[in-house]
Amino acid sequence: MAEKYLYFRTEATDADDDARSGSACFPTSSFVGMQPTGDSTLTMYFSVAGKLSSVVLNLTTANTH
């Protein structure tokens, strides 16, 4: 079975999505957990090759984790 990935980016349109710092892609198998980190933010954690990384998601409605 092929590996599935989660892709995150800060740009709203594909045409503007060319900066390395504004994008992240992780295999779903590297997902280790998530937690609310504010009223309007959720942080997801990934571990790839022993290195922990995180992605902060901004929620459009507060307290909807």
Side-chain angles (χ1 to χ4, degrees):
M1 184 196 257
E3 178 80 65
K4 296 191 184 280
Y5 293 84
L6 295 171
Y7 175 66
F8 303 92
R9 66 180 187 193
T10 58
E11 298 298 331
T13 61
D14 287 337
D16 295 330
D17 189 25
D18 57 1
R20 175 184 262 184
S21 63
S23 299
C25 186
F26 299 99
T28 55
S29 61
S30 70
F31 177 71
V32 294
M34 62 184 155
Q35 70 179 23
T37 49
D39 288 343
S40 298
T41 57
L42 178 69
T43 301
M44 300 177 72
Y45 298 95
F46 301 89
S47 180
V48 178
K51 182 179 177 187
L52 189 63
S53 297
S54 63
V55 172
V56 178
L57 302 178
N58 294 311
L59 307 174
T60 56
T61 305
N63 298 313
T64 57
H65 303 90

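Just so it is clear, the model here is predicted, and its values are computed rather than measured.
- Counting all heavy atoms, side chain and backbone alike, Pro27 lies closest to Phe46 at O-CD2, 4.5 Å.
- Residues Thr41 and Asn58 share a closest heavy-atom pair of CG2-OD1, 3.4 Å.
- Qualifying side chain to side chain donor-acceptor pair (under 3.5 Å) partners for Ser47, counting only residues two or more places apart in sequence or in other chains: none.
- With rounding to the nearest 0.5 Å, the separation of CE in Met44 from OG in Ser30 is 9.5 Å.
- Not counting sequence neighbours, Tyr5 has no partner by the ring-ring contact (aromatic ring centres under 6.0 Å, His included) test.
- Scored by the side chain to side chain donor-acceptor pair (under 3.5 Å) test, Ser53 finds no partners at all (sequence neighbours excluded).
- Every residue was checked against the side chain to side chain donor-acceptor pair (under 3.5 Å) condition with Ser54, not counting sequence neighbours, and none meets it.
- Hydrophobic clustering (side-chain heavy atoms under 4.5 Å, transitive across Ile, Leu, Val, Met, Phe, Trp, Tyr) keeps Val56 apart from Phe8.
- Grouped by direct or indirect side-chain proximity (heavy atoms under 4.5 Å, Ile/Leu/Val/Met/Phe/Trp/Tyr only), Val32 sits with Tyr45, Leu52.
- Considering every non-hydrogen atom in both Thr43 and Thr37, the closest pair reads OG1-OG1, 2.8 Å.
- By the side-chain contact (heavy atoms from CB on, under 4.5 Å) test, Thr28 pairs with Glu3, Lys4, Leu6, sequence neighbours left out.
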